[in-house]
*Asks:* 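The structure that follows is given in the form of structure tokens.
Read the numbers this way: they start at 1 and go in the same order the structure lists the ligands and their atoms.
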Amino acid sequence: MKFNTKVIHGGQHHDPSTGAVMPPIYQTSTYAQSSPGKHKGYEYSRTANPTRTALESALASIENGTYGLAFASGLAAIDAVIKTLKSGDEVISTNDLYGGTYRIFTKIFAQYNIKFHFVGMDSLANIESKINANTKLIWAETPTNPMMNIIDIKALAAIAKKHQILFGVDNTFASPYLQNPLDLGADLVMHSATKYLSGHSDVVMGALIVNDKALADKLYFIQNASGAVCGPMDSFLALRGIKTLHVRMQRHCENGKAVAEYLRAHPKIEKVYWPGFETHPNHAIAKKQMRDFGGMLSFTTIGNNYKAAISIVENLKLFTLAESLGGVESLCGHPASMTHASIPKEVREKTGVVDSLIRLSVGIEDQADLIADLEQALAKI
Ligand SMILES: *Cc1c(COP(=O)(O)O)cnc(C)c1O
């Protein structure tokens with residue numbers, strides 16, 4: 001089955017009791033048993049729920065994996081991954097990680113004596129220099145937020161394999177439409193399904209997809225034992241979102257390219273970070289591992305002018321100033337004062353998060369309207 005068919009049919013079947021084409025929202029916490037332990041496959045909805053099962057099968061299918069697990073949020077999914085580790089274990093991750101991931105690593109799990117190293121993953125030597133006998137997980141994100149750096153998944157997978165370390169990729173920014181980390185050698189894929197997978201800014205959800213049965217069993221155990229599961233209504237919404245992922249992503253990519261090119265040519269813009277540009281430092285890797293370049297991009301104003309950046313985000317009308325990304329509607333954000341505000345200025349500036357940096361999640365509205373909106377906001381600075 002090709003991807004465009006998988007998003008609609010992958011792992012899906014009509015409801016066995018009624019023939020319903022979409023799985024019903026099984027809004028139930030528990031299931032009748034005819035005799036203790038005798039039931040139809042479901043006992044209690046933390047453990048399993050048919051609407052969630054349908055979503056989990058779809059998730060596995062679209063990432064070319066065997067097992068899918070859905071969680072209450074992206075961070076709940078990451079929480080489950082780190083709970084496969086134990087005290088004394090070490091993790092190597094990127095130095096421009098999603099802020100919430102950085103927070104759960106350093107503020108929650110560091111307390112339980114799990115050690116985290118944050119390195120620039122453009123250099124494989126950087127990564128190898130941190131590997132020791134306690135290293136149990138390499139955690140990557142590509143493209144990264146908000147600088148749109150690209151990490152070579154295949155190269156990282158080879159290092160992880162050589163040292164027998166679990167390798168997980170946060171595939172939120174790319175979505176399975178653009179890249180499939182399991183096919184490139186990763187052991188585990190994670191999504192904030194809140195973003196492109198659900199795609200309509202109406203759900204908070206996380207996902208994990210793996211191929212290895214032993215790893216899947218460990219994660220299912222944690223999912224049930226820790227209990228950060230999503231409800232049937234959210235499962236239904238995410239499943240509905242996934243069915244249009246391919247058409248939405250195609251438009252996100254087209255609009256992303258048009259907006260990136262418009263901004264690059266604008267005299268008031270200094271830099272545009274978008275992996276589709278040949279001048280992007282990791283363009284060659286992006287071209288190799290991604291099918292297109294997506295609708296996420298960041299830019300700075302001439303002279304790195306903070307006031308100009310604030311004026312732009314205040315004056316944009318179609319681009320709503322908001323956290324999050326990956327919905328049908330265009331959003332803009334100012335990382336230095338929003339998502340990255342808790343990171344000291346000197347530290348964030350080292351990775352490129354300067355005062356005038358603006359991040360765009362380019363939606364699927366009409367391209368000309370989006371560009372006209374940027375035009376009017378830029379005319380005011
Ligand atoms: C949003 C996001 C997360 C966290 O997911 P939630 O659903 O908000 O918990 C993790 N990684 C990336 C890259 C994200 O954008």
*Asks:* Heavy atom of Asp170 under 4.0 Å from ligand 1?
*Replies:*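 Judged by the 4.0 Å heavy-atom criterion, Asp170 does count as contacting ligand 1.
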*Asks:* If you take all heavy atoms of Val354 and Ala336, which pair is closest and at what distance?
*Replies:*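 Scanning both residues completely, I find the closest heavy atoms to be O-CB, 3.9 Å.
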*Asks:* On a heavy-atom basis, which atom in Thr142 and which in Ala174 lie closest, and how many Å separate them?
*Replies:*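 Heavy atoms of Thr142 and Ala174 come nearest at O-CB, 4.2 Å.
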*Asks:* I'd like a table of donor-acceptor pairs (distance under 3.5 Å, sequence neighbours excluded) in which one partner is a side-chain atom from residues 66-77, with atom names and distances.
*Replies:*
{"residue": "Thr66", "atom": "OG1", "partner": "Asn211", "partner atom": "OD1", "Å": "2.9"}
{"residue": "Ser73", "atom": "OG", "partner": "Leu75", "partner atom": "N", "Å": "3.4"}
{"residue": "Ser73", "atom": "OG", "partner": "Ala76", "partner atom": "N", "Å": "3.0"}

*Asks:* Return the closest protein heavy atom for atom 6 (P) of ligand 1 as residue, atom name and distance.
*Replies:*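 Ranked first by proximity to atom 6 (P) of ligand 1 is Gly74 N, 3.3 Å.
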*Asks:* Which bit of Leu75 is near ligand 1, meaning a heavy atom under 4.0 Å away: side chain, backbone, both or neither?
*Replies:*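 The answer is both.
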*Asks:* In plain terms, say whether Lys345 and Asp355 are close enough for a salt bridge, that is, a side-chain N and a carboxylate O under 4.0 Å apart.
*Replies:*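 Salt bridge flag = yes for Asp355 with Lys345.
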*Asks:* With sequence neighbours left out, what residues match Asp366 under salt bridge (Lys or Arg N to Asp or Glu O under 4.0 Å)?
*Replies:*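 Salt bridge (Lys or Arg N to Asp or Glu O under 4.0 Å) check on Asp366 returns nothing, list empty.
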*Asks:* Honestly curious: do Val362 and Leu263 fall in one hydrophobic cluster under the side-chain, below-4.5 Å linking rule?
*Replies:*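 Looking at the clustering, Leu263 is in the same group as Val362.
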*Asks:* Under 4.0 Å from any heavy atom of Met205, which atoms of ligand 1 are there?
*Replies:*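 Listed by number with element: 7 (O).
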*Asks:* Evaluate Ile78 for polar contact with ligand 1, using N/O atom pairs at a separation under 3.5 Å.
*Replies:*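 No; every N/O pair is 3.5 Å or more apart.
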*Asks:* For atom 14 (C) of ligand 1, grab the closest protein heavy atom and report residue, atom and distance to one decimal in Å.
*Replies:*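 Here the closest protein heavy atom is Lys195 NZ, 3.0 Å.
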*Asks:* Of all the non-hydrogen atoms in the protein, which one sits nearest to atom 4 (C) of ligand 1, and at what distance?
*Replies:*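 Answer, as residue, atom name and distance: Tyr98 CE2, 3.5 Å.
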*Asks:* Tell me which one of Ser73, Ala76, Pro146, Ser192 gets a heavy atom nearest to atom 5 (O) of ligand 1.
*Replies:*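 Ranked by closest heavy atom to atom 5 (O) of ligand 1, first place is Ser192.
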